[in-house]
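Inspection log for the structure reproduced underneath, given as structure tokens.
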There are 2 protein chains.
Amino acid sequence: MTAPGRRPPGRPRDPGADAAILRAALDLFIEHGVEGTSIERVAKAAGVGKLTVYRRWSGKEELIAAAVEAARDDPVDLPADTPLAAVAWGAAAAQAEHIVQPRFRAMVARVLGTSASHPAIMAAYWTHYVEPRRAALRPLIERALAEGALPAHTDPDVLMDMMAGAVLYRLARPGPLDAATMRRYLEDVYAQAGLERPRPAPGEQSEPERGGGP
Amino acid sequence: MTAPGRRPPGRPRDPGADAAILRAALDLFIEHGVEGTSIERVAKAAGVGKLTVYRRWSGKEELIAAAVEAARDDPVDLPADTPLAAVAWGAAAAQAEHIVQPRFRAMVARVLGTSASHPAIMAAYWTHYVEPRRAALRPLIERALAEGALPAHTDPDVLMDMMAGAVLYRLARPGPLDAATMRRYLEDVYAQAGLERPRPAPGEQSEPERGGGP
DNA sequence: GTTTGTTAACGGTACCGTTCCGTTTCCCTA
DNA sequence: TAGGGAAACGGAACGGTACCGTTAACAAAC
């Protein structure tokens, strides 16, 4: 796309408009759901005319799917040489901090909620958010399995489903939820999954890992 | 409530109207979500005047929460003397059949999706649907744990979260899903949880268990 | 000056929560 | 047995708001 091809004639599109629209669409989607989001409100919130939206996306579902897709943050980058248990416990605090945020919690819930009626949105989330994280995690699980750090009968995919699913389930549960509670919960899940808590080397501190969760 | 207290004067409310309204509200909620459901449409679908709805429930959220609450089916009744593994594998087929139904799948997704913006609906589901099932299952898990049929470090609540969460996660995943696939998946989850597959006694057939799921 | 982007305004539809109808169904008293 | 009162019923309409998808007119970039 950065290829030579001549620039199309006429006035080029404002790239800032794309970003503003996607951001506004995501905010409204998180707060009001698909059915409660209208192109008109997205346009108003983005400070843009309706036609500016319609020109780029043909409808609500397509727009929201694009917004979800654009919302993914930096791809995960797990250290391949660190044992799974060390990674898990080391990242637990940062993980908890991240997924407990109301905005994240609400977005996950919304995406889940649309899976039946608007599969495109769920598919966008799954492809651009969930799958990359699973792909990054899988080799660590397989290595742990090969080294005997996990029960022999472990199926990596099912294990990931169970861990992510449990966290998701916990997030969706009614009632307040703070980061400390969630951290404890994460550790319980790791333990239940069969991971041994690593004994922290003296002076070693938990190493934050950016962007994770179900 | 069946107590003596005199019947209030005037025409009594039509109980059929309650049922029709709740049914219509649940259908519309499943199909269009909270934000896409209007009292007006509920009334029309139920063949009832708007006022008949407003007389009973003060607003949309309250109505839908009541509809979700009323949609719960017969309480589970697990045989306390059967080993957990036998119950799990015996009920897997019926379970799979049940939770794969589009209506169930969609309802779970919708409820999950409202957990952030409309906690009352999620709370109704949790209290009247999830909790009773967990309460029925817990003693079986504790017994299995005591008998050594589960890993010693097992935390019953976390285990239930992981099993239910995994299934939920699988339900929300995009793409088609048939009962046979789901049955295999359920069995994978049971195995991953640490349950040993029971060797079926000759002539013994899977025993259906009514109404389960996340 | 041609192409495209942006904005403002269009008519039409749906829903809101409320308020009237005229009717129906029950309880209580005369 | 005959009435009268109280409440619920379906249906229609209220003014007000929001959104739909499109079109016409102005502005900007090439």
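Below, read A as the first sequence line, B as the second, and so on, with proteins coming before strands; counting in each chain starts at 1.
Between B:R138 and B:I141 the shortest side-chain heavy-atom distance does not fall below 4.5 Å. No side-chain heavy atom of B:Q95 sits under 4.5 Å from any side-chain heavy atom of B:M182.
Side-chain atoms of A:E131 and A:T127 form no donor-acceptor pair, as typed in the model, at a separation below 3.5 Å. Between the side chains of B:R110 and A:S117, at least one donor N or O lies within less than 3.5 Å of an accepting N or O.
Pairs of residues two or more places apart, or lying in two chains, never qualify as side-chain hydrogen bond (donor to acceptor under 3.5 Å, both in side chains) while including a residue from residues 44-54 of chain B.
Once rounded to the nearest 0.5 Å, the distance linking CD of B:E35 with CZ of B:F29 reads 9.0 Å. Distance CG/B:L112 to CG/A:L168: 6.5 Å, rounded to 0.5 Å.
A straight line from CG of A:L51 to P of D:dT22 spans 10 Å, rounded to a whole angstrom. Straight-line distance from the CG atom of B:D14 to the C1' atom of C:dT24: 11 Å, rounded to whole Å.
In terms of phosphate contacts, B:T52 brings no side-chain nitrogen or oxygen within less than 4.0 Å of OP1 or OP2 of D:dA8. A sub-4.0 Å separation between OP1 or OP2 of D:dC9 and a side-chain N or O of B:R55 is present.
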Between N or O atoms, less than 3.5 Å apart, protein on one side and nucleotides 18-20 of chain D on the other: list the pairs.
from: D:dC19; atom 1: OP1; to: A:S38; atom 2: OG; distance (Å): 3.4
from: D:dC19; atom 1: OP1; to: A:R41; atom 2: NE; distance (Å): 3.4
from: D:dC19; atom 1: OP1; to: A:R41; atom 2: NH1; distance (Å): 3.2
from: D:dC19; atom 1: O5'; to: A:S38; atom 2: OG; distance (Å): 3.1
from: D:dC20; atom 1: OP1; to: A:I39; atom 2: N; distance (Å): 3.3
from: D:dC20; atom 1: OP2; to: A:I39; atom 2: N; distance (Å): 3.2
from: D:dC20; atom 1: OP2; to: A:E40; atom 2: N; distance (Å): 3.0

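Contact check of residues 16-28 of chain A against DNA chain D (heavy atom, cut-off under 4.0 Å) returns no residues at all.
A distance-only check finds a donor-acceptor pair linking the side chain of B:R133 to the backbone of B:Y129 [under 3.5 Å].
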